[in-house]
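Notes for the one structure printed next.
In what follows, every chain begins at residue 1, and chains take the letters A, B, ... in the order their sequences are listed.
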Amino acid sequence: MKLKSEKMTMEAFQAEREEVMRTWPTGQGVDFEDGVRYQLALPESKRFSSALAKAEREGKTLCQPRAGVALVDEHIKLLQFLEPSCDLLPSTIDAYTRLNHYEKAAEGVARSLAAGTSLLNGFPAVNHGLAECRRVVEALKKPVQVRHGTPDARLLGEITLAAGFTAYEGGGISYNIPYAKKVPLERSIRHWQYCDRLVGLYEERGVRINREPFGPLSGTLVPPFVSHCVAIIEGLLALEQGCKCITLGYGQAGNIVQDIAAIRSLRELGHEFFRAAGYEDYALSTVFHQWMGGFPENEAMAFSVIAWGSAMAALSGATKVIVKTPHEASGIPTKEANKQGLDATTQLLNMVREQVFPASPVVDLEVELIKREVRAVMAKVFELGNGDVAVGAVRAFEAGVLDVPFAPATCNAGKLMPVRDNEGAVRIFEVGRVPLPDDVLAYHKEKIAERAKAENRAPVFQMVVDDIYAISKSKLIGRPR
Amino acid sequence: MKLKSEKMTMEAFQAEREEVMRTWPTGQGVDFEDGVRYQLALPESKRFSSALAKAEREGKTLCQPRAGVALVDEHIKLLQFLEPSCDLLPSTIDAYTRLNHYEKAAEGVARSLAAGTSLLNGFPAVNHGLAECRRVVEALKKPVQVRHGTPDARLLGEITLAAGFTAYEGGGISYNIPYAKKVPLERSIRHWQYCDRLVGLYEERGVRINREPFGPLSGTLVPPFVSHCVAIIEGLLALEQGCKCITLGYGQAGNIVQDIAAIRSLRELGHEFFRAAGYEDYALSTVFHQWMGGFPENEAMAFSVIAWGSAMAALSGATKVIVKTPHEASGIPTKEANKQGLDATTQLLNMVREQVFPASPVVDLEVELIKREVRAVMAKVFELGNGDVAVGAVRAFEAGVLDVPFAPATCNAGKLMPVRDNEGAVRIFEVGRVPLPDDVLAYHKEKIAERAKAENRAPVFQMVVDDIYAISKSKLIGRPR
Amino acid sequence: MSDITAVLGVIGSDCHAVGNKILDHALTAEGIKVVNLGVMVSQDEFINAAVETGAQAILVASIYGHGEIDCDGLRGRCLERGLDKVVLYVGGNLVIGKRDFAEVETLFRGMGYDRVFPPTVDLKEMANLLKQDVAARS
Amino acid sequence: MSDITAVLGVIGSDCHAVGNKILDHALTAEGIKVVNLGVMVSQDEFINAAVETGAQAILVASIYGHGEIDCDGLRGRCLERGLDKVVLYVGGNLVIGKRDFAEVETLFRGMGYDRVFPPTVDLKEMANLLKQDVAARS
Ligand code: B12
Ligand code: B12
């Protein structure tokens, strides 16, 4: 394995860059120095990292939608429409671009033009190219992030960062395992080292770009320790390439205690592992994703899922929250539905912002549990990598030590099976080959047994299926009827 | 004062009844024995008390809308439309009927018929009379409660209970102070002793009618101890007349700790005072009202207020929750908007139902605070009444010992002034003549000082005004801009 | 300081007291003399108070939804009682249900109210309008 | 027990894996032999699998919104490859945005799909329809 978590040399980077920029015509005009100048000229108000730093200082939770459509003018209109209702803006990239199928994206753009409405599920930034992307940034007053799901996001990164986007979501694991089928993990991690190095180069030139590993993974009953491990690994990989502004993410599970403990432990573990690896000079923030699994179709019910996620985001002390919409179960939201999600979120954030979730031993216990789980798995990751986190990550996935439930990637074991306990916390029903301490595992089993007893049925796969449907059917726990 | 909390004699009741039944023609046909027979023939599924008892056993929070329109058929259609989405049904009475202005109500019915749409803000049950009210009960499968705001609700009670409604909201204080201007408190308490006695008579004949003092009072920054005192007094008054199924209520304040502590303390104090007064044989339950003050106009934001109230209702362990709608700020909701409120509520109740709010010393402290406040005020009430709670209540209002903020009644002192503290809990800014212990008062002052300091302004009336508007302007606390 | 006296109250059987207290507070802060009749005020009480105090304006609030019934006829009675110059404002949740405000405005203008306000009205702006309207009438 | 073999997969560049796993589970429970191609399946992969396994039905899922682009032409290719009797189902969040289902159904029926399903479909009912449709075709 040639992989290693080590800062890319300038030569290696330059050589790779030339290749990357040739993969689609819009790569040609993109000049790094020009990008730096453009970024440096942006006002502070458009800088993502500044907004996050301010929020951290004030203990405020910022809100951010997802949004992206096929055509530039429509995309601008959409973001301008949402801008007054949120703190941070996105440009969500379409699924063809995510898989580097730029010809397909071109077809989508053409068909969208013909149909007079977007037929793509996002904004094809690569196809539109540098100048058009700058039009987006220039049309807005607030910071804009690239949000996607791209295993090879090198060209996308070159274009959008040069275009003035000030935050870049993703990572070599979190944008492979849930988003791809056959991309080798080693490859996606390498490609993301390139992206991280690119961000590092901007940083070295005085341009801070925020980097956010994608927290929720498959969005479906992911136990906190699983996503925390991935977040920490991607954080370490990014820091190594010179990134300095990291936002670690988590997708709401639905149980109060677990969600509050998750954000608290994520922040603390982040610092713990980053400092242990020798990094001191970085800014850390957190992002809470409103429920990422299946939503109820009924819009009033969807509003409650959104509101509950907002409450937990603020109470857990997350730096920002990613917002869903009442159209979630049906399709890409209209701009009005998107704004409704933001308005609902703002109302709840504002109503709990000043409140302190009461200190409780039950929450402390859950924080400790998550920490022990993460430390156990991370220890094995480092062991497998002989101290190298990149190598360790690849081998850990091979070995099933890292295992994301319901993920499509073939490099993911898919042996770990989560299920909710009797209070709705996500617990481990089948651990596969994930090295959790015995007493921790026994605790999970005990919690699940409690539920099994209450439901008078064995914890089999049907219970998991019921849990997957539960929130869309207006429950947290998938009880039998 | 001829008032006394003592069970009405049969003679006194009968004499008064004859008068009451003559106050409007529809009183004529109403026969108590017929009412008992009709009630006894109702299926268990229509009995309010049974639904509450079951919910108490299962630790479930039931949901109930408000709803009422001018015409019977439209009212039935409305309730049938809502029935599948809720556990308990209401018939909300119009404001003319509440003030015994039956001619005005008749005019409203006539104008509504002409306009083809309801021009009344509720269902004029007295004008429609016994047979028509029975049509309502018969058209529905679930229990129906009379919800109103009537200082003299004797005729309304006679008609609706004989018609098969199985729960009756209100009380001599809670349906006077927030709802009337010049009705002497002594009079409304006496009139409600009649209502309670009527319920007691049904009880003696084997018909359990649920009685629910109106918890939220003016709905605007009411400190928990204020509404708890009123609830407990009305509970005692009802028990004395033979009522056996009591639901004590509370309107959401918005601060998590305070709201959870409020329902917990309400339940515990209820038992404490009822048992101390020698009552043992009663069923106690609680009701949590989603935010009763001014709502945001924006419907997405209103959904969040609704969702947050639902979460607190379930987490606090209330037996039922009274549901608002996204139209709250604008006007009487359409049936669709009403259902949306219920759907949003159901989603959140279901998502937190199984969760236990983590035990916390902070919550325990707030529970103790409320208990000490209530005990101090109640002691004074009993003292002023020479041991009689009815007399004590009247004198306590005269003396400003009981004092409801923002109430229209002239028999209410209006000297107590609440304001939110720095975490949004409702605290006492000016205590008026309410006899709170010195250290408790000092605690309130300290909490308010904390906020005043954070806002760099003195706690003056403008702060209270800002708090009144806050939730409708998408905040909990009315901070200066 | 203006020299305006305005009668304020919530009409009909309406018990909503909070907005009334705030209106009083806000108008007073704007230098308007407020004669506040509180809640549950009849048309005659409004007119009597205006006659007695020589008020230039009557501010009617209706929150509970019966505005369409309660507010009708006030202009006529004002004229009968010789209040031919009095400025009549009305505001609140004037009708039953969520209805288009333009429609509601037309309805109440038709009843003879000079201005009609939704619940979201900015009270400072409203006080300024009141000063202008009163000045224009005298 | 039926003797039906059905090819299952999520078409195009679509990564949504959860529904696919559940469909597999549910159809298998109904006695249908499932050849599950997982996510990100091309039209050719669907057809090759159907030809190889002699499947009587192809169940196409599209969740991510590009269904209108990805699903078009499959019926034609089936005919080209001699699969003239194969039952074609399609389901999921088939188009971009919240659109009226009747409209979506017409669109995909027009592309040659025998049945079109919204995300809320009851999988047991769907399996029964599948058995009927396959029986009717052979
Ligand atoms: C979880 C999720 C994700 C996870 C997926 C993880 C994984 N690998 O599986 C993550 C976060 C990675 C993700 C990514 C994306 N997602 Co997504 N995602 C969802 C979400 C929230 C739930 C999906 C789910 O698992 N549901 C549970 C399962 C059990 O239900 P199901 O998938 O609907 O499948 C059932 C039915 O549809 C039906 N069915 C499905 N297919 C078929 C076929 C037949 C023949 C039949 C009979 C029945 C049938 O039966 C299944 C079982 O009951 C949905 C919204 C929702 N539903 O609430 C959005 C949603 C599907 N995603 C969406 C989009 C657009 C994306 C992205 C493109 C990002 C973006 N722009 O927002 C990327 C996809 C990139 C790519 N290459 O595909 C959109 C699709 C929009 C549209 N159609 O207009 C949705 C609807 C959200 C939205 N409203 O915008 N997503
Ligand atoms: C608190 C409240 C109550 C409390 C009132 C306590 C009290 N005594 O004050 C209680 C719980 C007792 C109550 C009772 C009822 N209520 Co109520 N209540 C509310 C609520 C939630 C807030 C009102 C409030 O205090 N707002 C805060 C103040 C500051 O705002 P405001 O009242 O709107 O006043 C401002 C503006 O309107 C404006 N304004 C008002 N009048 C005027 C006049 C002029 C000239 C101008 C320029 C401006 C102006 O300026 C004020 C200050 O900013 C509203 C809904 C909402 N707004 O969210 C319903 C609401 C007003 N209530 C309503 C109803 C119907 C009732 C009841 C009949 C019960 C029922 N059927 O639901 C009873 C009334 C019985 C009666 N006899 O009047 C309806 C009215 C429906 C409609 N118009 O279609 C509302 C809109 C709720 C709803 N959507 O159904 N209520």
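Side-chain contact between T346(B) and S474(A) is present, with heavy atoms from C-beta onward closer than 4.5 Å. In this structure, the side chains of M351(A) and I477(B) stay at 4.5 Å or more apart for every pair of heavy atoms. W308(A) places a side-chain heavy atom less than 4.5 Å from the side chain of V352(B). Residues Q355(B) and L476(A) are in side-chain contact: their nearest non-hydrogen atoms beyond the backbone lie under 4.5 Å apart. Contact of the I256(B) side chain with the L315(A) side chain is registered, since non-hydrogen atoms from C-beta on lie closer than 4.5 Å. Inter-residue side-chain proximity for K339(A) and N298(B) is flagged as met; some heavy-atom pair is nearer than 4.5 Å.
Contacts of I306(B) with chain A are absent, with no heavy-atom separation under 4.5 Å from either backbone or side chain. Of the two parts of L342(A), neither the backbone nor the side chain holds a non-hydrogen atom closer than 4.5 Å to a non-hydrogen atom of chain B. Contacts of D343(B) with chain A are made by both backbone and side-chain atoms, with heavy-atom separations under 4.5 Å. Neither the backbone nor the side chain of R451(B) comes within less than 4.5 Å of any heavy atom of chain A. N255(A) touches chain B through backbone and side chain together, each having a heavy atom under 4.5 Å away.
Here the closest heavy-atom approach between residue V362(B) and residue A359(A) is recorded as CG2-N, 4.4 Å. Across all their heavy atoms, Q347(B) and I471(A) have their closest contact at NE2-O, 3.2 Å.
Comment: R420(B) does not engage E354(A) in a salt bridge, judged by the lack of any side-chain N to carboxylate O separation of less than 4.0 angstrom.
With chain B as the partner, the residue from P361(A), P358(A), A307(A), G424(A) showing the most heavy-atom pairs under 4.5 Å is P358(A). Chain B forms more heavy-atom pairs under 4.5 Å with one residue of K473(A), E299(A), K475(A) than with any other, namely K475(A). When each of A300(B), P296(B), G254(B) is checked for heavy-atom pairs under 4.5 Å with chain A, A300(B) comes out on top. Chosen from N422(A), V257(A), V356(A), the residue pairing most often with chain B at heavy-atom distances under 4.5 Å is V356(A).
Ring planes of F303(A) and F303(B): parallel class, angle under 30° (limits at 30 and 60°).
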